[in-house]
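Letters go in sequence order (proteins before strands), and every chain restarts at 1.
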Protein chains: 2
Amino acid sequence: MKLSKKTDYALRVLFTLVEHYGRGPIPIRELARRNEVPKRFLEHIMLEMKARGWVDSTPGKRGGYTLAKSPDKIMMGEVVRHFDGVLAPIGCVSVTHYQPCSQSSVCRFRPFLLNIRNEIARQMDQASLAGVFSDSLRPSPETPQNPSADGCET
Amino acid sequence: MKLSKKTDYALRVLFTLVEHYGRGPIPIRELARRNEVPKRFLEHIMLEMKARGWVDSTPGKRGGYTLAKSPDKIMMGEVVRHFDGVLAPIGCVSVTHYQPCSQSSVCRFRPFLLNIRNEIARQMDQASLAGVFSDSLRPSPETPQNPSADGCET
DNA sequence: TAAATATACGATAGAATTGGTCGTATATTT
DNA sequence: AAATATACGACCAATTCTATCGTATATTTA
């Protein structure tokens with residue numbers, strides 16, 4: 001259930017760009033340094049994000065990367081799906097990557113997993129970078145900054 | 001975000017045992033066959049599950065595995081957590097495996113991910129094998145048997 | 001008590017994924 | 001023209017995942 005490093009890195013950089021939106025490009029060196037991402041690794045990530053139309057690049061002396069579209073037009077779900085592949089916890093509850101299950105025992109927990117997948121997808125697809133960013137500035141009681149504040153585990 | 005094969009296999013077998021609860025042991029050979037799980041691989045999985053107190057084994061000619069406790073005393077969350085490790089999508093939103101993030105950009109999406117983690121954990125920890133099993137017998141409109149019935153992707 | 005059949009369990013190994021590096025080409029600005 | 005930026009394929013190391021094998025041991029049944 002864990003996000004890959006790549007997704008993590010991509011999100012870090014995207015939010016840095018969101019914060020800097022409208023104020024010119026940031027060189028990749030700076031993006032890497034500020035977010036503790038290996039620069040050479042980040043290059044590939046940025047290329048993928050450019051291909052997806054999330055960022056634009058400017059070469060040359062004062063070049064770097066900018067957000068290619070408004071932060072409220074990029075959804076968390078898009079990013080996670082692109083780098084992590086499927087959101088669904090198991091093949092047979094995936095629509096895009098659906099594969100049938102011949103096992104009746106599997107179909108005992110398929111509806112349950114489908115529910116979870118739907119809930120994740122719903123939240124992911126409703127949340128834009130802009131929304132998540134502004135929410136993070138005024139934290140609500142529901143989302144405490146300190147993880148030990150709630151009783152859940154893992 | 002995907003469940004490991006091991007978790008998948010474990011759940012398949014558990015639900016087979018749930019279905020057979022109270023009617024004696026099932027040999028591992030049969031569990032493997034009915035659920036299309038490699039037998040030698042399943043041995044290890046069963047050992048882990050025995051150590052966790054979910055199943056019991058009976059050696060000998062009419063031996064095999066049984067559920068060690070009532071199906072409503074085993075939670076989906078326990079199983080997934082055991083085999084897949086952390087439920088949290090990223091380290092800094094995990095309680096048991098919490099590791100601090102020095103990156104302010106990370107903390108832009110931490111609250112969002114924490115919400116998702118909480119929702120997953122809530123559903124996982126509320127659902128017992130018994131509950132999931134009986135729900136699967138009378139499918140509701142919310143959980144269609146055919147994944148293409150709803151509009152979500154992945 | 002012997003044969004059959006069951007679990008127990010450590011060692012090992014192939015495959016896939018993940019995370020990351022390197023060299024080098026190319027475009028743009030100053 | 002120099003400096004600095006991105007572009008991009010090739011490659012590699014580590015880990016994780018998935019699975020197999022050999023062998024030991026316990027129990028039942030005939």
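- In this structure, Phe83(A) places its CZ atom 17 Å from P of dT17(C), rounding to the nearest Å.
- Look at dA13(C): its Watson-Crick or wobble partner, with both distances under 3.5 angstrom, is dT18(D).
- Distance check: Arg12(B) CZ to Asp8(B) CG gives 4.0 Å after rounding to the nearest 0.5 Å.
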- Note on the structure: In 5'-to-3' order, the base (B), backbone-only (S) or no-contact (-) status of each nucleotide in nucleotides 22-30 of chain D, using a 4.0 angstrom heavy-atom cut-off, is BB---BSS-
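- Distance from the side chain of Leu47(A) is smallest for dC8(D) among the nucleotides dC8(D), dG19(C), dT18(D).
- Atom-to-atom, CZ of Phe41(A) to P of dC22(C) comes out at 14 Å; the value is rounded to the nearest Å.
- Rounded to whole angstrom, the span from the NZ atom of Lys39(A) across to the C1' atom of dC22(C) amounts to 11 Å.
- A side-chain donor-acceptor contact under 3.5 Å links Ser4(B) and Asp84(B).
- More than 12 heavy atoms of other residues, nucleotides or ligands lie within 6.0 Å of CZ in Arg52(A), so this atom counts as buried by the packing criterion.
- In this structure, CG of Leu42(B) is placed 12 Å from C1' of dA19(D), rounded to the nearest angstrom.
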- Task: Quick one: do Glu78(B) and Arg81(B) satisfy salt bridge (Lys or Arg N to Asp or Glu O under 4.0 Å)? Show the steps, please.
- Result: CA-CA 5 Å; Glu78(B) 294 181 80; Arg81(B) 257 187 274 251; over 6 Å; no
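- The nearest whole Å value for the distance from the CD1 atom in Ile45(A) to the P atom in dG19(C) is 9 Å.
- The residue Tyr9(A) sits close only to the backbone: its heavy atoms come under 4.0 Å of sugar-phosphate atoms, none of a base.
- Note: Trp54(B) and Phe83(B) have tilted aromatic rings, judged against thresholds of 30 and 60 degrees for the angle between ring planes.
- Picking from dT6(D), dC9(C), dG20(C) the nucleotide with the shortest atom distance to the side chain of Pro38(A) gives dG20(C).
- In this structure dT30(C) sits in a base pair with dA1(D), meeting the Watson-Crick or G-U test at under 3.5 Å.
- Judged by distance alone with a 3.5 Å cut-off, no donor-acceptor contact links the side chain of His44(B) to the base of dT7(C).
- The side-chain contact (heavy atoms from CB on, under 4.5 Å) test with Val55(B) is passed by exactly one of Leu31(B), Ile45(B), Ile74(B), Leu14(B): Leu14(B).
- Atom-to-atom, CD of Glu48(A) to P of dG9(D) comes out at 11 Å; the value is rounded to the nearest Å.
- Within the 3.5 Å criterion, the main-chain N or O of Gly24(A) finds a donor-acceptor partner in the side chain of His20(A).
- Taking 4.0 angstrom as the limit, Lys6(A) places none of its side-chain polar atoms (N or O) nearer than this to OP1 or OP2 of dG19(C).
- Atom C1' of nucleotide dC8(D) and atom CE of Met49(A) are separated by 16 Å, given to the nearest angstrom.
- Distance, Ile28(A) CD1 to dA7(D) P: 8 Å, rounded to whole Å.
- As the counterpart of dA8(C), dT23(D) is assigned, both hydrogen-bonding distances of the Watson-Crick or G-U wobble pattern falling under 3.5 Å.
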